[in-house]
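Before we start, here is the structure in question, set down as structure tokens.
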Amino acid sequence: MQHEDPRNGESAHRSSKKPKLSSKFITESDIRDEFSHHHPRVARINNGSFGSCPGSVLTAQRHLQLQFLRQPDAFYFNTLRDGITASRKIIKDFINADHVDEVSLVDNATTAAAIVLQRIGRSFAEGKFQKNDTVLMLHCAFQAVKKSIQAYVTRAGGSVIEVRLPFPVNSEEEIISEFKKSIEEGKSNGRKIRLAIIDHITSMPSLVIPVKELVRICRAEGIEQVFVDAAHAIGSVKVDVKEVGADFYVSNLHKWFFCPPSVAFLYCKKSSSSSDLHHPVVSHEYGNGLPVESAWIGTRDYSSQLVVPAVLEFVNRFEGGIDGIMKRNHDEVVKMGKMLAESWGTNLGSPPEMSAAMIMVGLPSRLCLNSEEDAVTLRSHLRDRYEVEVPIFHQVFKDGEEGVRDKDGFITGYLRMGKRAKCFIRNEEAVMKVRAAFHGINICVLPSSDACGITQFLKNQTKKRKEHRRRKLYASWKPRNGESCCLRGCNEVESLGTYAFLLAIDKAETSNVGIGMALLQMVRIHWSMLDQPKLLKPWLWVKHV
Amino acid sequence: MNTTSASAAATPQPFFITPAEVFSEFSHHHPSVARINNGGLGCCPSSLISSQRQIQLQWLRQPDEFFFNQLQPGMLRSRNVIKDLINADHVDEVSIVDNASTAISIVLQHMAWGFAEGKFHSGDATVMFHCAYGAVKKSVEAYFVRAGGYVIEVPLPFPVNSDDEILQEFRQALEKAKQNGRSVRLAIIDHVTFMPTVVMPVKQLVSICREAGIDHVFIDAAHGIGCVDVDMKQIGADFYTSNLHKWLFCPPSAAFLYCRKSNQSSALHHPVVTHQYGNGLATESSWIGTRDYSAQLVVPKILEFVNRFEGGIDGIKRRNHDAVVDMGEMLAKAWGTHLGCPPHMCSSMVMVGLPACLHVSSDQDSSKLRTYLRGKFGVEVSIYYRPPKDGEVGPLTGYARISYQVYNKLLLLLLWFIDISGKYLSLLQPKATTLPLSH
């Protein structure tokens, strides 16, 4: 369990028993500690879905939770409101909003969408909008947003225009052109577009959208209001709400900004109608403005909203703060994406400048991903068998549309790789796991200090694979000049059932890239050795010595 | 029966939780605060906090796996536990939401759609008691009134002497509505009112509603489960909500919303819409975007805790009730005042009249007194201002709402209360017209 910090919850460092390092920035070993609660063997390359939260922030959160439980009434009267205002002020500065009254904290982007769309629904009900007035959205908008539109707009008599984004995409111009076309279509038959919902970073497939330009087009075309769904934005791309210029802008803080689940901010530009936005859960604060309404929606745990100051402290331990993190995330994810695409002979879903901390990598067409169910099955398979967590996207082609080809056929599937500050499994190793998984090989990398780990791991695997016959093969391998190598001391390979390799890597090459490349080598050699169709589920363990 | 000298050593292990264990379970409470406001924000024992933490860590460890494999089955388990506790017919009737405020918003949003879609007409009414919880009143304003509805408020007689007084007022209000030609679409009835606190005769009130042909009856039982008997089939309402974190030891926060199966019930939606939209309120409520659902998932563990007490939750309710009534009566006697209602209309909370010399003459006075008691004496207790009615002579205008939960120690509280009330009253000058609360 984490060491509890008795200081107040507003700032909390995780106390270390080691003397402070001379470097003022967070070290790799600190980072591993901060995320030591993550599953040690899962290659977690899906930060985009549910985010992550470091240990020091969790400690700060826990402190706040205990404060509430200790004396809840005093907490409610004396701590809660001011704490949320402090968090809102931090966000206001971060996103370059004019006034803290423009910033509300809610649970997540889904809640924010409901707030904005519920108002649209009311406008229809109260006769402000006419039947068939329109809401415009991207066809790949998040499913919850689509359903929210159905629940509040379609139900109230409004209609919807979907902008179909090209994918894979080669430039921002392609998106802008599609967007303009859809607006034209929307305005035909005299329909009025009341609201445009634009993603800043789409979810699936993931792309960075040129929001500033699209908002400008909306204004030029007389679209009344623009709502930017930037669930993935903060901590992933630069967020400047004045520059973007939308009426509403929401981003989750628990995805890429290290907050515990869950909290998001909803920015509402001050206007004559902004006072008519309400939180759907009504409390005695109704009518006091959305930020105040959102700060009390009945008895609940507000600790994730109160812990934003501790998050800022965490982020500033990195060189360059959040900007440094964003840049490094982006560079690494592009590098990793390219590595995979090259090794598979596929493509990236977008050029690097249209990705942030996530990138779409084409999957080999040999996988024959032909449906959404296939994508879900593959994802589950990767999770259960290979301990890789990565979302898979199935590309649907319209009639006449042609996709990108690899050497075997059309690419119909992409994986969404999300990179975050180094986690327990090094990212190169995570990539190796992914790559190896597609060859039917599970790589498990165990730390060199984990003397018992290998035995335990073998025992666990033995339990899981009871139904298969096993042969364990042990080999040692030493890279010669970091290049070609061979397996030495192998036992005979059985031609049936599963089997395992246990390999020891000398410490000669200990850098991340070195180990990563060595693993890649191992996988290639291993696979070429085992080019036998009956060997369906080989296992590969690697131990650092 | 052991009669040997070893009998002491051979004493059987206590079967139920001991006072020392109870103390330990609530050792995270502020040690020098007399916490007699459990009705406000509830409480949660350490063992449940630990269980909740385990769930939170599981999520953080591998959130995708948790989302795909554990979340929904866990929510279903929680719903099943509640279904059995409240004697509902089917688990589909039970949704878990954050709190009663969320539940009321769900029901009222549904009513607002009724107006928008022409099922209800402008001027159709809802009837509720004037002492309904502030959030409920605001929710009615936000959804019902805004959509064109009308509100009929039923005064709650207080102090009250019998159920009949309440039933009488309710019948009169409905009669008046009928005479004015108003269609009453929704009745909102508290099971246990918030301030002043009184247990309402819900079963009879629901019958009156049915007789009057009211479309929907919604029981706001924020204080219900763990505090009074909660039996859906017996009560017979269409909607019933109760917080689990007030009197059922859940960590903040979780509540259930019961919706009796009917052709209407499938039309209710959670206002925060996700991909689960249209799959029924229970399913919609179990996923409203990425959040911490641990408070809702820990519900099965609550039963384990509660069953360590003799008589389980029923035993706890009974003992709480007896203790709080004892306390209330002793205080009323010491102060020369009275209780706000007879013991059978008290739950685990009681309204005790405050001495008239305290001159509580407004809501601000009651807030100030509360703050003063917290700051100066370390007492957490809600204070209620009861406006005098025309023609009343020397009524009590201030009441303290005292709660009793398992972590309270009756004797200590009494001694301490009498002590502070003595200190407090001695501060007052005989002819004081304002309370000494300027600081």
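The basis for the numbers below is simple: all heavy atoms, side chains too, and nothing from hydrogens, waters or symmetry mates. Just so we're on the same page: letters track the sequence lines, and every chain starts at 1.
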Just do the side-chain contact (heavy atoms from CB on, under 4.5 Å) check on B/R61 and A/H37 with the steps written out, would you?
-> CA-CA 6 Å; B/R61 186 172 156 88; A/H37 51 275; 5.9 Å; no
Nearest atoms (heavy-atom pairs only) where A/K128 meets B/R146 =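 Closest pair (atom of A/K128, atom of B/R146, distance): NZ-NH2, 4.2 Å.
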Under 4.5 Å from a heavy atom of chain B, the part of A/Y76 involved =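 Answer is side chain: those atoms of A/Y76 sit under 4.5 Å from chain B.
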Engaged part of B/Q56 at the chain A interface, taking heavy atoms whose separation is under 4.5 Å |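 When you check distances to chain A, only side chain atoms of B/Q56 fall under 4.5 Å.
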Of the backbone (N, CA, C, O) and the side chain (C-beta and beyond), which part of B/L60 lies under 4.5 Å from a heavy atom of chain A, both, or neither?
->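 For B/L60, heavy atoms of backbone and side chain both lie under 4.5 Å from chain A.
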Step by step, would you call B/D292 with A/S304 a side-chain contact (heavy atoms from CB on, under 4.5 Å)?
-> CA-CA 9 Å; B/D292 180 357; A/S304 51; over 6 Å; no
Using non-hydrogen atoms only, which part of B/Y293 is less than 4.5 Å away from chain A: side chain, backbone, both, or neither?
->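 When you check distances to chain A, no heavy atom of B/Y293 falls under 4.5 Å.
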Name the option with the most non-hydrogen atom pairs under 4.5 Å to chain B; the candidates are A/A156, A/A113, A/A264.
->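 It is A/A156.
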Could you tell me which portion of A/N108 (side chain, backbone, both or neither) has an atom closer than 4.5 angstrom to a non-hydrogen atom of chain B?
->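 Only the side chain of A/N108 comes within 4.5 Å of chain B.
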A/Q143 and B/H275: which non-hydrogen atoms are nearest, and at how many Å?
->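 Closest approach of A/Q143 to B/H275: CG-CB, 3.4 Å.
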Roughly how far apart are B/Q62 CD and A/R44 CZ, rounded to 0.5 Å?
->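 The distance works out to 6.5 Å.
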Checking B/Y133 side chain against A/H284 main chain: does a donor-acceptor pair fall under 3.5 Å?
->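 Not a single qualifying donor-acceptor pair exists.
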Go through A/A151, A/S283, A/G298 and name the one with the most non-hydrogen pairs under 4.5 angstrom from chain B.
->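 Result: the option with the highest number of such pairs is A/A151.
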Sort A/F77 into side chain, backbone, both or neither according to what part of it lies under 4.5 angstrom from a heavy atom of chain B.
->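 Side chain of A/F77 only, per the 4.5 Å heavy-atom cut-off to chain B.
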Please look at A/E389 and chain B and tell me whether the side chain, the backbone, both or neither of the residue comes under 4.5 angstrom of a heavy atom of that chain.
->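 The answer is the side chain of A/E389.
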Identify which part of B/F68 has an atom lying under 4.5 Å from any heavy atom of chain A, answering side chain, backbone, both or neither.
->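 Just its side chain gets close to chain A.
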For B/V273, does its backbone N or O pair with a side-chain atom of A/S148 as donor and acceptor, under 3.5 Å?
->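 Not confirmed, A/S148 side chain does not pair with B/V273 backbone.
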Show your reasoning for whether side-chain contact (heavy atoms from CB on, under 4.5 Å) applies to A/L69 and B/I49.
-> CA-CA 10 Å; A/L69 292 168; B/I49 296 173; 3.4 Å; yes
Considering all heavy atoms, the nearest A/D73-B/R374 contact |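 Taking every non-hydrogen atom into account, CB-NH2, 4.3 Å.
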Go through the atoms of A/A109 and report whether side chain, backbone, both or neither lie under 4.5 Å from a heavy atom of chain B.
->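 Looking at A/A109, nothing touches chain B.
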Out of A/H278, A/Q150, A/R155, A/E285, which one racks up the most heavy-atom pairs below 4.5 Å with chain B?
->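 The answer is A/R155.
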Top residue by heavy-atom pair count (under 4.5 Å) with chain B, among A/T110, A/I115, A/D301?
->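 Ranked by heavy-atom pairs under 4.5 Å with chain B, first place is A/T110.
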For the residue pair A/Y152 and B/W113, does the interplanar ring angle fall in the parallel (under 30°), tilted (30 to 60°) or perpendicular (over 60°) class?
->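 The rings of A/Y152 and B/W113 lie parallel, inter-plane angle below 30°.
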Name the region of A/F68, side chain, backbone, both or neither, that has any atom closer than 4.5 Å to a heavy atom of chain B.
->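 Looking at A/F68, just its side chain touches chain B.
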Between B/F67 and chain A, which part of the residue has a heavy atom less than 4.5 Å away: side chain, backbone, both or neither?
->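 It is the side chain, since no backbone atom gets that close.
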Verify, without hydrogens or angle tests, whether B/N99 (side chain) and A/I297 (backbone) share a donor-acceptor contact under 3.5 angstrom.
->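 Yes; at least one donor-acceptor contact below 3.5 Å.
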Residue part contacting chain B, namely of A/R300, when any heavy atom lies under 4.5 Å |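 It is both, since atoms from each part get that close.
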